[in-house]
Amino acid sequence: DDCRSGHYSGDRDREQYCDVREQTIPARSQLRVDGRENGGIEIIGSDRKDILVISKIQAQAGSESDAKDIAGEIRIDIGDEIRAEGPSKRWRSSWSVSYEIQVPRKINLDLSATNGGISIENVDGRLEFETTNGGISLTRYPRDA
């Protein structure tokens, strides 16, 4: 929502561009996500039968046009692992991708991030996760009696 509404942070002397991409994929027993550098991961478990991947792409550069060009070069790979590939860093430019992923409640997770947080809520499975310089949040809602 922050990306769609234009509220995102970054250097005030650089222009920013933000894009949101969504893709639905079939459910699987394990999900691996690599948030890479500066990308956070939010996993939300529910009664859904598939996996919805919402990718929030942010790019910063000297001009909005350059930032938009950088964002256009970013590819979200959704294979055995979900991860972003993009252009190499240029002087005073950068990019990152954060994920909100809605999954079936029963799924095993393998998540990694650097400079981004990891949030997992309402997932019932084996959880492996690691972040450097990012917060961690684990939430489980009580089941109905």
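What you see is a predicted model; the values in this text were computed from it and never measured. Index from 1, following the sequence.
In this structure a side-chain-to-backbone donor-acceptor pair under 3.5 Å is missing from Asn122 to Ile44. Ser119 contributes no side-chain N or O that, together with a main-chain N or O of Glu42, makes up a donor-acceptor pair within less than 3.5 Å. Within the 3.5 Å criterion, the main-chain N or O of Gly39 finds no donor-acceptor partner in the side chain of Ser98.
Contact detail for Asp50 and Ile25: the closest heavy-atom pair is CB-O, 3.4 Å. Heavy atoms only, all atoms of each residue included: Ile41 and Ala113 are closest at CD1-CB, 4.4 Å. In this structure, Ser55 and Val97 approach most closely via the heavy-atom pair CB-CG1, 4.1 Å. For Arg21 against Gly72, the heavy-atom pair with the smallest separation is NH2-CA, 4.4 Å.
Annotation: salt bridge (charged side-chain N to carboxylate O under 4.0 Å, His left out) contacts of Asp47 (sequence neighbours excluded): Arg105. Applying the salt bridge (charged side-chain N to carboxylate O under 4.0 Å, His left out) test to Arg36 and every residue at least two apart in sequence or in another chain returns Glu85. By the side chain to side chain donor-acceptor pair (under 3.5 Å) test, Gln102 is found to be paired with Arg48, Glu100, residues two or more places apart in sequence or in another chain being considered. By the salt bridge (charged side-chain N to carboxylate O under 4.0 Å, His left out) test, Asp110 is found to be paired with no residue, residues two or more places apart in sequence or in another chain being considered. Evaluation of the salt bridge (charged side-chain N to carboxylate O under 4.0 Å, His left out) rule for Glu121 yields no partner, not counting sequence neighbours. In this view, Arg32 satisfies the side chain to side chain donor-acceptor pair (under 3.5 Å) rule with no residue, not counting sequence neighbours.
By the neighbour-count criterion of 12 heavy atoms within 6.0 Å, atom CD of Glu130 is sparsely surrounded, having that number or fewer from other residues, nucleotides or ligands.
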Audit row: Ile57, Val20, side chain to side chain contact (heavy atoms under 4.5 Å, CB included) steps and yes/no: CA-CA 6 Å; Ile57 298 163; Val20 175; over 6 Å; no
Audit row: Asp124, Arg140, salt bridge (Lys or Arg N to Asp or Glu O under 4.0 Å) steps and yes/no: CA-CA 9 Å; Asp124 192 11; Arg140 180 170 176 151; 3.7 Å; yes
Stepwise side chain to side chain contact (heavy atoms under 4.5 Å, CB included) check, Tyr17 with Ile70: CA-CA 9 Å; Tyr17 179 79; Ile70 291 168; over 6 Å; no
Residues Leu109, Ile43; criterion side chain to side chain contact (heavy atoms under 4.5 Å, CB included); working and verdict: CA-CA 9 Å; Leu109 300 173; Ile43 305 290; 3.8 Å; yes
Candidate pair Ile120 and Leu111, rule side chain to side chain contact (heavy atoms under 4.5 Å, CB included), full reasoning: CA-CA 10 Å; Ile120 304 169; Leu111 313 173; 3.8 Å; yes
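In this structure, the separation between CD on Glu22 and NZ on Lys56 is 13.5 Å, given to the nearest 0.5 Å.
Side-chain polar atoms of Ser63 and Glu15 form no donor-acceptor pair below 3.5 angstrom. Looking only at atom types and distance, the side chain of Arg92 has no donor-acceptor partner in the side chain of Gln60 under 3.5 Å away.
Counting heavy atoms from C-beta on, the side chains of Val33 and Ile101 come closer than 4.5 Å.
A side-chain contact (heavy atoms from CB on, under 4.5 Å) with Ile82 is found for one member of Asp77, Leu31, Asp34 and no other, namely Leu31.
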